[in-house]
Every structure is written in C-alpha cells, then in structure tokens.
Amino acid sequence: AASAIRPVTRRMLDMKPNGRSTDFIAPSLGFGCMYDCTYCYCKRNKTNGLDVPKNPLDIISAIYSHALSAEVSKPNQTHPEYITYDIGCNEDFALHLKYHTYWKTMFEMFRKHPRAMASFATKHVNNDLLTFNPEGKVRIRMSLMPQTLSTILEPNTTDIIRRIQAINSLKTAGYDVHINFSPVVVYQEWLRDYNELFLMGNHCTPWLKPADL
C-alpha cells in the first residue's frame with residue numbers, strides 16, 4: 001500500500017565492494033520489500049513497508065563520480081568491460097519501480113556513462129521497463145526456481161513461466177539479462193523439478209539446451 005512507503009534522506013552514499021554478481025553495491029535506492037519471500041534477509045531486517053530516498057539524484061551523482069575513478073581490474077566475473085553496481089540489493093527494484101519516479105534518469109546515466117553498468121535481481125515482470133532502452137548498460141538478473149517451490153517460498157511473486165517468457169522481451173528492449181537460480185533447494189524430487197525448469201527455457205531463446213542436461 002502507498003501508506004507503507006516512507007521517504008527518507010539517504011545520508012550514507014558509500015559504495016560497498018561486492019565482487020559476486022556486481023563489483024559494488026550502490027547506496028540503497030529502496031530498503032524493504034512488498035513481497036513476503038520466506039528466505040529473504042531483507043524481510044528479516046524490515047518486516048513491513050519500503051523506504052525510498054528523498055534525494056535520489058545524490059545517489060545517482062555518487063555512483064557516476066565513483067565509477068569515474070574506481071580501480072577495478074577488468075575483465076572479471078561481473079563483466080568483461082564495465083564496472084557493475086547493484087542498485088537493488090535491499091529491495092526488488094522492478095516490483096517497486098513506480099515508487100522510483102527517477103528510474104529513467106538513473107538508467108540514462110548508466111547508458112551514457114563510459115565505465116558504469118547497473119544490475120539488479122527480481123522476481124517480478126514489470127512491462128514498464130520495456131519503455132526504456134538502456135543499450136545493454138542495465139542487467140536484470142531474473143530469479144528462477146521450480147514453480148512448486150516458488151508458490152510456497154515466494155508467495156504472490158510473478159509465475160515462473162511468465163518470468164521466463166519475459167526474458168526475450170527484456171533482451172529485445174535493450175537489457176542484459178542473466179538467470180539467477182537462487183536459492184537452490186534440495187529435496188526428494190529436486191532433480192526432476194529443476195530438470196523441468198531448465199526445459200521450460202524453450203519458451204524463450206534457449207539458454208540451456210536439453211542436450212546440455
């Protein structure tokens with residue numbers, strides 16, 4: 001609900017080293033989540049609502065300046081050329097897009113920046129993203145797991161098949177798209193269910209061929 005949105009002034013503008021999916025974690029553009037995934041660390045730290053910055057341009061400027069002088073050895077596992085920044089570490093950026101009214105301004109900054117690239121993970125298909133072409137300078141990490149697990153662990157998130165079907169549209173719109181199998185849950189029938197999940201990739205550009213299984 002809109003009443004759960006709390007504007008705050010983001011005073012800490014430091015970039016935190018990451019080195020996993022991105023080189024750095026940007027200052028929180030959102031803190032909290034409207035989803036209720038059972039495994040989410042963010043929900044354990046903020047059980048309700050979403051904090052959004054009153055000073056988003058300060059965050060955008062801080063990222064821009066940091067990327068100009070940051071010393072990062074390239075290529076590395078996050079990208080062969082660009083310095084990568086996670087802009088959705090403490091939220092689901094795609095889900096909360098309507099609360100980030102500046103998002104096109106930020107994406108434009110990344111599109112034009114000579115060294116920086118944005119990245120965020122999501123469980124939500126938001127077609128509003130298709131209205132902007134970041135020319136490969138924004139990476140969306142689409143989270144996937146078997147639907148039977150998602151229904152239990154990620155209630156009310158976008159159905160897995162719709163997430164997979166959205167991949168082509170996002171790539172056509174100019175986004176760099178990665179697949180994020182996280183968390184991987186092991187149970188009695190996990191190999192069967194994950195095999196079915198991989199085969200569902202036939203609904204988009206095959207990112208995993210049956211012969212590779």
Side-chain angles (χ1 to χ4, degrees), residues 8-33 40-42 45 51-97 99-124 126 128-144 166-167 169-183 205 207:
V8 299
T9 299
R10 195 70 68 207
R11 302 187 186 282
M12 298 296 293
L13 300 178
D14 296 338
M15 308 295 151
K16 298 179 180 179
N18 186 9
R20 298 176 63 186
S21 54
T22 59
D23 296 309
F24 296 96
I25 298 173
S28 292
L29 294 156
F31 185 74
C33 191
C40 182
Y41 76 92
C42 188
N45 290 281
D51 292 350
V52 296
K54 292 191 291 185
N55 56 328
L57 294 182
D58 291 342
I59 297 174
I60 295 171
S61 295
I63 298 171
Y64 184 92
S65 298
H66 183 271
L68 288 177
S69 58
E71 296 184 4
V72 179
S73 179
K74 291 290 179 177
N76 64 11
Q77 70 177 19
T78 76
H79 196 273
E81 179 182 358
Y82 298 121
I83 300 172
T84 51
Y85 292 81
D86 194 327
I87 61 171
C89 184
N90 295 312
E91 63 161 335
D92 188 314
F93 191 85
L95 175 65
H96 304 144
L97 196 67
Y99 304 117
H100 299 315
T101 55
Y102 54 85
W103 70 272
K104 288 186 178 181
T105 299
M106 181 175 60
F107 283 16
E108 177 72 8
M109 181 277 286
F110 280 107
R111 181 167 67 178
K112 292 182 176 180
H113 201 290
R115 303 186 73 202
M117 176 179 179
S119 177
F120 63 90
T122 187
K123 306 177 189 72
H124 182 70
N126 191 331
D128 287 345
L129 289 165
L130 304 180
T131 64
F132 186 91
N133 180 358
E135 298 179 7
K137 297 295 291 297
V138 175
R139 173 181 295 156
I140 297 177
R141 309 190 311 272
M142 190 66 74
S143 295
L144 299 179
I167 292 173
S169 296
L170 290 167
K171 294 183 65 161
T172 300
Y175 291 89
D176 181 39
V177 184
H178 281 198
I179 306 299
N180 184 24
F181 296 104
S182 177
T205 299
W207 41 268

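Note that the structure is a prediction, hence the values are computed from the model and not measured.
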Inset, instruction - Could you tell me the separation between the CZ atom of F120 and the SG atom of C89, rounded to the nearest 0.5 Å? - result: 13.5 Å
Legend entry - side chain to side chain contact (heavy atoms under 4.5 Å, CB included) partners for E108, two or more places apart: R111, K112, F132
Inset, instruction - Check ring-ring contact (aromatic ring centres under 6.0 Å, His included) between F31 and all other residues, then give those that pass, not counting sequence neighbours. - result: none
Legend entry - Set of residues satisfying side chain to side chain contact (heavy atoms under 4.5 Å, CB included) with respect to Y64, sequence neighbours excluded: L68, M109, H113
Legend entry - Heavy-atom closest pair, residues A121 and N180: CB-ND2, 4.2 Å
Legend entry - Contacts of type side chain to side chain donor-acceptor pair (under 3.5 Å), residue D176, not counting sequence neighbours: R139
Inset, instruction - For the residue pair C33 and H96, establish whether any side-chain heavy-atom pair is separated by less than 4.5 Å. - result: yes
Legend entry - Partner residues of D14 under the side chain to side chain donor-acceptor pair (under 3.5 Å) criterion, sequence neighbours left out: none
Legend entry - For T131, all residues meeting side chain to side chain donor-acceptor pair (under 3.5 Å), sequence neighbours excluded: K104
Legend entry - Partner residues of K54 under the salt bridge (Lys or Arg N to Asp or Glu O under 4.0 Å) criterion, sequence neighbours left out: none
Inset, instruction - Might you point out which heavy atoms bring G30 and E91 nearest each other, and give the distance in Å? - result: N-OE2, 3.3 Å
Inset, instruction - Would you mind reporting whether F24 and T84 have side-chain heavy atoms less than 4.5 Å apart? - result: no
Inset, instruction - Please round to the nearest 0.5 Å and tell me the distance separating atom OG of S65 and atom CD1 of I60. - result: 12.0 Å
Legend entry - salt bridge (Lys or Arg N to Asp or Glu O under 4.0 Å) against D51, all qualifying residues, sequence neighbours excluded: R6, K46
Inset, instruction - Would you list the pairs meeting salt bridge (charged side-chain N to carboxylate O under 4.0 Å, His left out) in which at least one residue belongs to residues 72-90, sequence neighbours left out? - result: D23-K74, D86-R141
Legend entry - Heavy-atom pair of closest approach, residues P134 and G174: CG-O, 3.4 Å
Legend entry - Closest approach of A94 to N126 (non-hydrogen atoms, all atoms of both residues): O-ND2, 2.8 Å
Legend entry - Distance (rounded to the nearest 0.5 Å) between T122 OG1 and L97 CG: 9.5 Å
Inset, instruction - List for me each residue that meets side chain to side chain donor-acceptor pair (under 3.5 Å) alongside Y85, sequence neighbours excluded, and say none if there are none. - result: H66
Legend entry - With N18 via side chain to side chain contact (heavy atoms under 4.5 Å, CB included) - residues at least two apart: R20, S21, T22, I25
Inset, instruction - Starting from the C-alpha separation in whole Å, work towards a yes-or-no answer on side-chain contact (heavy atoms from CB on, under 4.5 Å) for N90 and Y41. - result: CA-CA 9 Å; N90 295 312; Y41 76 92; 3.1 Å; yes
Legend entry - Which residues share a side chain to side chain contact (heavy atoms under 4.5 Å, CB included) with P53, sequence neighbours left out: R10, N55, P56, I59, Y102
Legend entry - Minimum-distance pair of heavy atoms, taken over all atoms of I87 and L29: O-CD1, 3.4 Å
Legend entry - Check: H79 side chain, Y82 main-chain N or O, donor-acceptor pair, under 3.5 Å: yes
Inset, instruction - Quick one: pull up CD1 in I140 and CG in L170 and give me the separation to the nearest 0.5 Å. - result: 4.5 Å
Inset, instruction - Work out which heavy atom in I63 is nearest to a heavy atom in M15; give both atom names and the distance. - result: N-CE, 3.5 Å
Inset, instruction - Check whether any side-chain N or O of K137 sits under 3.5 Å from a backbone N or O of A116 as a donor-acceptor pair, and report yes or no. - result: yes
